[in-house]
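Numbers here are sequence positions counted from 1. Computed from heavy atoms alone, side chains included, the values below leave out hydrogens, waters and symmetry copies.
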Amino acid sequence: MLPWAALLLPSLFWAGNFIAGRAMRDAITPMTLALGRWLIALACLLPFAWRGLRRDARCYLAHRWLILGTAVTGVAAFSSLVYVGLHTTTASNGLLLNSLIPLLIVLAGALFYRQGLSAGQAVGLALSFAGVLTLVLQGQWTHWRQVSLVPGDGILLVAMVCFAFYTLWLRQLPAELDRLGLTAAQIAIAIIVLLPFWLAEHAAGARSTWTLASGVALVYVGLFPSVGAYLLYMRAVQHFGPARAGLSIHLIPVFGVVLSALVLHEQLHTWHAVGIAAIAAGLVCSNVGVAPRAAAPARRQTRSQPHTR
């Protein structure tokens, strides 16, 4: 049950993050939202992660480039680029670009790490991607001609590429690393990376407007999409592998549709059910009959080994 919860819940939390980021785009500046999110996450996580941090300190040093790479791509760059992109792009374009992550994971895995793709995974990827397109295009396949690109789309695309590599690099970290400690270390690195960008944003005159709604949104993104989602996603990658875990990201627009109906009182249509069913079928096809794989063995860092970029 826990592995499947780890597969499903991150997408639910990240869907809420998408809605919060879009809703607060005029109230909270992107770098404030990104930096504040991770400061809250680290403050909540550190008391529980301190023992693991101390125990695995030497292992962090041995795998410093992988940890740095995952922290920069999956934590610092992904969250900040998403918030920046949501200032100019539409929700439909954002969901469409977000749905490219599983495909980017598969392509990057095949190109850089020679990872194969089973028939079930290929069918699952096609089904779930078709389901996402059904949701984004509202069941009208001719609507793709009406999709217009803005600068935010390019920013979001870079964010999706970052998350694809984050997923692949997570798989290479030793399974024996304490996940609480590892997440805290990645968040701490991300905060250091984000701080100069926040200072530059502040120096340029950007200011946030603090209300009860913006405060609640910041607390939400600091807890659920940050601590909860990242810990569970690590577990899913370890249990199911990067390709199958990444495929669960197609659930984000599904949960987004449900949350929009519950929170924003938006109406549900038949094409919502069709799209959700296709995504669910894709996830089932990609995971049926597949035994969980053991984590990849840790590789020693040597001077001749290329650094993770």
Side-chain angles (χ1 to χ4, degrees), residues 10 31 34-35 37-39 41-42 45-46 49-82 101-102 104-116 155 157-198 226-227 229-243 245-246 249 293-309:
M31 291 301 122
L35 183 62
R37 164 186 181 175
W38 295 120
L39 285 172
L42 185 61
L45 193 60
L46 198 55
W50 183 249
R51 180 178 298 180
L53 278 168
R54 293 183 61 185
R55 189 199 72 181
D56 296 335
R58 291 185 178 179
C59 196
Y60 294 157
L61 187 60
H63 298 276
R64 57 191 177 276
W65 297 112
L66 272 176
I67 294 175
L68 177 63
T70 53
V72 171
T73 56
V75 184
F78 179 74
S79 60
S80 57
L81 289 173
V82 165
I101 290 180
L104 292 171
I105 292 172
V106 170
L107 291 177
L111 289 174
F112 298 102
Y113 299 101
R114 299 181 180 179
Q115 294 182 359
I155 295 172
L157 180 59
V158 175
M160 305 314 157
V161 173
C162 287
F163 200 86
F165 279 98
Y166 164 76
T167 301
L168 290 168
W169 291 342
L170 270 183
R171 183 67 170 177
Q172 299 179 36
L173 288 168
E176 61 269 18
L177 283 177
D178 180 78
R179 266 19 194 183
L180 285 176
L182 176 60
T183 303
Q186 291 171 326
I187 291 174
I189 293 171
I191 289 173
I192 295 172
V193 172
L194 288 171
L195 186 57
F197 293 95
W198 178 82
S226 303
V227 178
Y230 275 77
L231 286 174
L232 290 169
Y233 189 70
M234 280 186 180
R235 180 71 177 88
V237 170
Q238 182 182 355
H239 186 85
F240 294 98
I249 293 172
R293 300 184 299 178
R299 293 181 294 182
R300 294 182 179 178
Q301 295 284 345
T302 64
R303 293 185 179 181
S304 61
Q305 183 179 351
H307 291 164
T308 303
R309 297 184 179 177

Please find the pair of heavy atoms, one from [X] and one from [Y], that lie closest to each other, and give the distance.
X	Y	result
A108	F165	CB-CZ, 4.1 Å
P174	R179	O-NH1, 3.0 Å
A77	C162	CB-SG, 4.0 Å
A175	Q238	CB-NE2, 3.5 Å
L42	A184	CD1-O, 3.7 Å
P10	L232	CG-CB, 3.7 Å

Check against side-chain contact (heavy atoms from CB on, under 4.5 Å), V75 and T70
CA-CA 7 Å; V75 184; T70 53; over 6 Å; no
Point-to-point distance, once rounded to the nearest 0.5 Å, from [atom1] of [X] to [atom2] of [Y]:
X	Y	atom1	atom2	result
M160	L104	CE	CG	9.0 Å
I101	F78	CD1	CZ	4.5 Å
M234	T167	CE	OG1	10.5 Å
W169	L68	CH2	CG	9.0 Å
L173	L66	CG	CG	5.0 Å

For Y233, enumerate each residue passing the ring pair (Phe, Tyr, Trp, His ring centres under 6.0 Å) test, keeping only those at least two apart in sequence or located in another chain.
W14, F163
Sequence neighbours left out, what passes side-chain hydrogen bond (donor to acceptor under 3.5 Å, both in side chains) with [X]? Give chain and number order.
X	result
S80	none
Y166	none
S79	W38

Check the pair Q186, L170 against side-chain contact (heavy atoms from CB on, under 4.5 Å), reporting the backbone distance first and the verdict last.
CA-CA 11 Å; Q186 291 171 326; L170 270 183; 4.0 Å; yes
With sequence neighbours excluded, residues passing side chain to side chain contact (heavy atoms under 4.5 Å, CB included) with I192:
none
If we check side-chain contact (heavy atoms from CB on, under 4.5 Å) with I187, which of these qualifies: L45, L182, L39?
L45
Could you pull out every donor-acceptor pair under 3.5 Å between side chains of residues 52-59 and any protein atom, sequence neighbours left out?
residue: R55; atom: NH2; partner: E176; partner atom: O; Å: 3.0
residue: D56; atom: OD2; partner: D178; partner atom: N; Å: 2.9

L35 vs L195, test: side-chain contact (heavy atoms from CB on, under 4.5 Å). Steps then yes/no.
CA-CA 7 Å; L35 183 62; L195 186 57; 4.0 Å; yes
Give a yes or no on whether F197 atom CZ has more than 12 heavy-atom contacts from other residues, nucleotides or ligands under 6.0 Å away.
no
